[in-house]
Amino acid sequence: MKTIIKRVLFYTTLVIGFVVLLTGVFLGVLTIAEYRPAEIEKLEIKNHVAAAQQAGLSANVPFSVLTWNIGYASLDESQDFFMDGGRGVRPPTDENVRRNLPGIMDFIKTANCDITLIQEIDIASKRSYYIDQREFLTENFSGASVFAYNFNSIFVPIPVGEFIGKVESGLLTLNRFKNNEALRMSLFNPFSWPVRAVNLKRCLLINRIPVENSPTELIVVNLHLEAYDSSGGREAQTRMLLDFCSSEYAKGNYVIAGGDFNQNFPGIDPHRFEVKQSDYFIPGTLNPSLLAPGWQFAADSKIPSCRLLNEPYSGDPEKTQLYIIDGFILSPNVELVKLTAFDPGFKYSDHNPVKIEVMLKYRL
């Protein structure tokens, strides 16, 4: 009997040791392969037309900017997502992605904006069937494009049973104007090891656009701030964003920051957009007091820019958790001419696009 017990203990210890070893090796590989961007990185500007053909940007001349989180062309009206209370990780086949991408591209072409800020665009991810969405959306673009990673992991080991797997994703800015420079600026990361090793590395994608007949620049910031965090990371990232924007304005530059803030904008209807659930994603709140005098938020207060992915979209906004978390921040020397929020019924993404027409005020 003692011999049997000893054998059972031996083999149990052996199995546990083997599992611990495999876990250690797995975590070691993920740690070694962790994406570790520098605080500031210079990005490649890809010109899809000759530089001489790119438009110049002038003060007192209106131009347009679009922001859209495209949900890696996978999170359309038919989808849910496990971190929002649903079950899904990706569509059952690549058909959704191949249908959504042309729809996204057609919308961007129809919107016909001078600058387009795109979030959650995949270039090689299991969740979107490894389709290079950056290549698809820039192939026939007449201007320049810049891409910045904010998610680059060889393997994301959640959820158990159907892993997210490999992810290469980030921010893309399409721009018809001349560029002086493009930079990636790392934001505060609220996560510690080992979660940090496979999680997003949030950033700002910054374009510096020269203003004709002026020593100043237009600073365009493409952003996607923290979502699933309650430790204050999103608020810390917001402070970094505002500090950067303020420093550029103090230099005499113009500033437009747009994207997915994962925070409700001021002025929304508290009844229509009240939180109907509290177990999953809850956005923060952008308080007007965050901005210095003269600065402004630009977002539609009535048309939702995002939905909760706890279930496929029913088409009935009364039965869906809705948010207004996508929009812009404008410096005092940028005049808002017009704001347009679109509502395509979350046909291609869990976010809706937002467009602004603006004009740079001439400064002596």
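Predicted, not measured: the structure shown is a model, and the values here were computed from it. Only this structure's heavy atoms are used, side chains among them; waters, hydrogens and symmetry mates stay out.
By the neighbour-count criterion of 12 heavy atoms within 6.0 Å, atom CG of N60 is densely surrounded, having more than that number from other residues, nucleotides or ligands.
Residue pairs satisfying the side chain to side chain donor-acceptor pair (under 3.5 Å) criterion with at least one member in residues 296-306, sequence neighbours excluded, are listed as follows: S305-D326. Residue pairs meeting the salt bridge (Lys or Arg N to Asp or Glu O under 4.0 Å) criterion with at least one partner in residues 203-227, sequence neighbours excluded, are E181-R208, R202-E226, R208-E217, R208-E248.
Scanning all heavy atoms of the two residues, the minimum distance from Y149 to R184 falls at O-NE, 2.9 Å. Pairing each heavy atom of C113 with each of L66, the nearest pair is SG-CB, 3.6 Å. Considering all non-hydrogen atoms of both residues, G327 and A299 come closest at CA-CB, 4.3 Å. Between P288 and P266, the closest heavy-atom pair is CG-CB, 3.8 Å. Between G170 and N150, the closest heavy-atom pair is CA-OD1, 3.3 Å.
Put simply, the side chain of F244 reaches to within 4.5 Å of the side chain of M185, judged on heavy atoms. Residues S349 and W68 form a side-chain contact, since some pair of their non-hydrogen atoms from C-beta on lies under 4.5 Å apart. No side-chain heavy atom of Q79 sits less than 4.5 Å from a side-chain heavy atom of P312. L101 places a side-chain heavy atom less than 4.5 Å from the side chain of I131. Residues L57 and K178 form no side-chain contact, since every pair of their non-hydrogen atoms from C-beta on lies 4.5 Å or further apart. Considering only heavy atoms from C-beta on, L137 comes within 4.5 Å of I121 through its side chain. Side-chain contact between N333 and Y254 is present, with heavy atoms from C-beta onward closer than 4.5 Å. Counting only heavy atoms from C-beta outward, the side chains of I123 and Q133 never approach each other to under 4.5 Å.
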Margin query: Show, in sequence, the C-alpha distance, side-chain angles and deciding distance for F297 and F328, and conclude whether the ring pair (Phe, Tyr, Trp, His ring centres under 6.0 Å) test is met.
Written below: CA-CA 6 Å; F297 292 113; F328 300 87; over 10 Å; no
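With sequence neighbours excluded, no residue forms a salt bridge (Lys or Arg N to Asp or Glu O under 4.0 Å) with E41. E77 meets the salt bridge (Lys or Arg N to Asp or Glu O under 4.0 Å) test with no other residue; sequence neighbours excluded.
One distance of note links CG of L117 with CG of D260; it measures 12.0 Å at 0.5 Å rounding. For the atom pair I206 CD1 and L183 CG, the distance stands at 5.5 Å (nearest 0.5 Å).
Taking 4.0 Å as the cut-off between side-chain N and carboxylate O, K347 and D76 do not count as a salt-bridged pair. With respect to E162 and R127, no salt bridge is recorded, no charged nitrogen being found less than 4.0 Å from a carboxylate O.
Judged by distance alone, the side chains of H48 and S145 do bring a donor and an acceptor atom under 3.5 Å apart. Using modelled atom types, one finds a donor on one side chain and an acceptor on the other under 3.5 Å when comparing N222 with T173. A donor atom on one side chain and an acceptor atom on the other are found under 3.5 Å apart for R176 and N112. S314 and D316 share no side-chain donor-acceptor pair at under 3.5 Å. Side-chain contact of E120 with S169: a donor-acceptor pair under 3.5 Å is absent, judged by distance alone.
A distance below 6.0 Å separates the ring centres of F63 and F177. In this structure, F151 has its ring center no closer than 6.0 Å to that of Y35. Taking the six-membered ring for Trp and the full ring otherwise, the centers of F346 and Y348 sit at least 6.0 Å from each other.
Cation-pi contact between R196 and F191: absent, since separation from the ring centre below 6.0 Å together with deviation from the ring axis within 45° is not met. Both tests pass for R90 against the ring of Y129: distance under 6.0 Å to the centre and angle within 45° of the axis.
Taking hydrophobic clusters as Ile, Leu, Val, Met, Phe, Trp and Tyr residues chained together by side-chain heavy-atom distances below 4.5 Å, M105 shares a cluster with F107.
V337 belongs to a hydrophobic cluster whose other members, connected by ILVMFWY side-chain contacts under 4.5 Å either directly or through intermediates, are M359. Within the hydrophobic cluster formed by Ile, Leu, Val, Met, Phe, Trp and Tyr side chains joined at under 4.5 Å, directly or through other members, L205 is accompanied by L43, I45, V146, L171.
Ring-plane geometry between Y249 and W295 is classed as perpendicular, the angle between the planes exceeding 60 degrees on a 0 to 90 degree scale with a lower cut at 30.
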